[in-house]
Number of protein chains: 2
Amino acid sequence: METIADNQKVRTAKKLEKMFGHIDYKHPPELCPVRDVMSVASDQWSTLIILWLGYFPILRFNKLKKFVYGISNKVLSQRLKVLEADGYISRKAYAEVPIRVEYSLTEFGQSYVEKLLELTEWMQANSPKVLANREKYGLL
Amino acid sequence: METIADNQKVRTAKKLEKMFGHIDYKHPPELCPVRDVMSVASDQWSTLIILWLGYFPILRFNKLKKFVYGISNKVLSQRLKVLEADGYISRKAYAEVPIRVEYSLTEFGQSYVEKLLELTEWMQANSPKVLANREKYGLL
DNA sequence: TTCATATGGTTACTTTTTGTAACTTACTCT
DNA sequence: AGAGTAAGTTACAAAAAGTAACCATATGAA
């Protein structure tokens with residue numbers, strides 16, 4: 001038997017489907033494109049890596065480590081692997097001694113970093129507000 | 001004494017300062033505006049919460065929990081607190097029984113979600129590429 | 001010769017963050 | 001009386017992240 005709550009659920013589900021089929025109410029996370037790409041976007045280290053590669057076309061491991069201030073070898077190495085596998089960056093190793101490895105954005109990564117830069121512009125402009133809010137709530 | 005490497009460092013540092021004073025080479029993370037705002041942007045759950053509140057102006061705890069598929073009570077409750085403290089959302093509790101709590105975006109949160117939506121549009125458009133890359137590298 | 005430095009990582013161990021699932025309070029509906 | 005609802009909290013387990021030492025190989029310095 002259908003209750004009022006059920007009715008509401010159905011209406012909501014239909015409304016959702018119309019408005020944004022891409023984020024379905026009952027969508028398993030692993031099938032949601034937003035979440036999928038967000039596995040990179042919502043990782044601070046990956047985001048910083050991509051941003052720095054957006055500023056400098058080619059960066060080597062240790063240079064990257066200096067720019068992405070505070071990252072550990074372990075996490076940097078791990079993120080680089082994932083970013084490469086996902087097609088954001090490419091890795092070129094030269095058979096020199098000591099070995100030289102160059103990281104750079106792929107075309108895909110380049111298109112992503114452009115979007116990302118728009119978001120960081122907002123961040124820079126609005127950061128004072130966040131800080132003000134935090135002070136207001138006694139978080140600083 | 002200044003070595004070639006040191007020279008390069010100085011030049012790089014100056015170049016950086018000119019190009020993007022906002023992400024300083026030796027900047028402590030806690031003073032970097034991008035990282036600061038990114039503490040929200042680079043959290044998947046916070047991002048999804050804000051996106052849903054961007055679609056529906058007012059959402060209650062359990063509704064939000066259904067939309068942000070897979071989030072636990074614990075994490076939802078925690079993220080809502082932080083988002084409120086940072087000024088992205090506001091919380092209104094009504095002294096009813098059972099208690100009713102309404103969450104909505106602040107003006108600041110609204111301005112943020114607009115930027116965020118631009119990024120998710122890119123995600124939706126480019127998700128197939130990510131999936132293709134993953135397949136190519138045997139990650140699927 | 002031996003020590004120090006550099007590269008691009010890896011490994012073992014610890015700490016922090018997440019996820020899971022049960023529980024709470026106070027009232028309503030059956 | 002028993003179940004259900006709202007908005008969480010709590011204790012415990014699992015996963016992720018941080019820390020620091022280590023690796024091979026070579027060059028340059030003492």
Side-chain angles (χ1 to χ4, degrees), chain A residues 1-9 28-30 35 38-40 42-49 52-53 58-85 89-104, chain B residues 1-9 28-30 35 38-40 42-49 52-53 58-85 89-104:
Chain A
M1 223 204 270
E2 209 176 53
T3 65
I4 291 171
D6 282 333
N7 258 321
Q8 205 168 9
K9 257 186 205 169
E30 61 275 18
R35 292 201 195 210
M38 199 138 64
S39 72
V40 164
S42 73
D43 179 76
Q44 193 194 158
W45 295 130
S46 299
T47 303
L48 289 172
I49 290 167
W52 280 112
L53 284 171
I58 291 174
L59 285 172
R60 294 168 65 180
F61 191 89
N62 283 310
K63 201 105 190 174
L64 213 33
K65 198 185 155 190
K66 279 177 194 159
F67 284 144
V68 183
Y69 192 89
I71 198 170
S72 66
N73 285 15
K74 181 184 151 194
V75 173
L76 177 53
S77 145
Q78 188 195 2
R79 294 302 194 280
L80 286 172
K81 276 178 194 160
V82 173
L83 288 175
E84 192 194 358
I89 66 174
S90 70
R91 177 188 189 275
K92 273 179 202 158
Y94 297 86
E96 299 173 4
V97 171
I99 191 172
R100 179 163 56 103
V101 180
E102 294 182 344
Y103 292 97
S104 56
Chain B
M1 222 203 271
E2 210 175 49
T3 66
I4 292 170
D6 283 333
N7 258 322
Q8 203 169 12
K9 254 186 207 170
E30 61 275 19
R35 291 203 196 209
M38 202 138 64
S39 72
V40 164
S42 73
D43 179 77
Q44 192 194 163
W45 295 130
S46 299
T47 303
L48 289 172
I49 290 167
W52 280 112
L53 284 171
I58 291 175
L59 285 173
R60 296 168 64 178
F61 191 90
N62 283 311
K63 201 106 190 175
L64 214 33
K65 197 184 155 193
K66 279 177 194 160
F67 284 144
V68 183
Y69 191 89
I71 198 170
S72 66
N73 286 16
K74 181 185 152 194
V75 173
L76 178 53
S77 145
Q78 187 194 0
R79 294 300 194 280
L80 287 171
K81 275 177 195 161
V82 172
L83 289 175
E84 191 195 359
I89 65 174
S90 69
R91 177 187 189 274
K92 273 180 202 158
Y94 297 85
E96 299 173 0
V97 172
I99 191 173
R100 178 163 58 103
V101 179
E102 292 183 345
Y103 292 97
S104 57

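Here is the naming used below: chain letters follow the sequence lines, and residue numbers restart at 1 for every chain. Just so you know, these numbers come straight off a predicted model, no measurement behind them.
Of the side-chain N and O atoms in W45(A), none sit less than 4.0 angstrom from OP1 or OP2 of dA17(D). For R60(B), a side-chain nitrogen or oxygen approaches OP1 or OP2 of dA7(D) to under 4.0 Å.
Rounded to whole angstrom, the span from the NZ atom of K63(A) across to the P atom of dG9(C) amounts to 17 Å. With rounding to whole Å, R100(A) atom CZ is found 17 Å from dT27(D) atom C1'. Rounded to an integer number of Å, the gap from NZ of K66(A) to P of dG8(C) is 10 Å. Atoms CG (L48(B)) and P (dT18(C)) sit 14 Å apart, rounded to a whole Å. Spacing between atom CG of L64(A) and atom P of dT7(C) amounts to 13 Å, rounded to whole angstrom units. Atom CD of Q44(A) is separated from atom P of dA16(D) by 18 Å (rounded to the nearest Å). Nucleotide dA16(D) holds its C1' atom 14 Å from the CD1 atom of I71(A), rounded to whole Å. As rounded to whole Å, 12 Å separates atom P of dT5(D) from atom NZ of K65(B).
Here the options are L83(A), L76(A), I71(A), L80(A), the test is side chain to side chain contact (heavy atoms under 4.5 Å, CB included), and the partner is W45(A); only I71(A) passes.
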Quick one: which protein N/O atoms are closer than 3.5 Å to N/O atoms of nucleotides 8-13 of chain D? Pair and distance per line, please.
residue	atom	partner	partner atom	Å
dG8(D)	OP1	R91(B)	NH2	2.7
dG8(D)	OP2	Y103(B)	OH	2.6
dG8(D)	N7	N73(B)	ND2	2.7
dG8(D)	O6	N73(B)	ND2	3.2
dT9(D)	OP1	K81(B)	NZ	3.4
dT9(D)	OP2	S77(B)	OG	2.8
dT9(D)	OP2	K81(B)	NZ	3.2

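Looking at K63(A) and W52(A), their side chains never come closer than 4.5 Å, going by heavy atoms from C-beta outward. L48(B) is listed as a side-chain neighbour of Q44(B), based on a closest heavy-atom distance under 4.5 Å.
Every residue meeting the side-chain hydrogen bond (donor to acceptor under 3.5 Å, both in side chains) condition with N73(A), not counting sequence neighbours, appears here in chain and number order: K65(A). Among residues two or more places apart in sequence or in another chain, the side-chain hydrogen bond (donor to acceptor under 3.5 Å, both in side chains) test is passed with S77(B) by none.
For I99(A), taking side-chain heavy atoms from C-beta onward, the closest of the listed nucleotides dT7(C), dG8(C), dT18(C) is dG8(C).
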Step by step, would you call D43(A) with V82(A) a side-chain contact (heavy atoms from CB on, under 4.5 Å)?
CA-CA 11 Å; D43(A) 179 76; V82(A) 173; over 6 Å; no

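Under 3.5 Å, the side chains of E84(B) and Y103(B) contain no donor-acceptor pair of N or O atoms.
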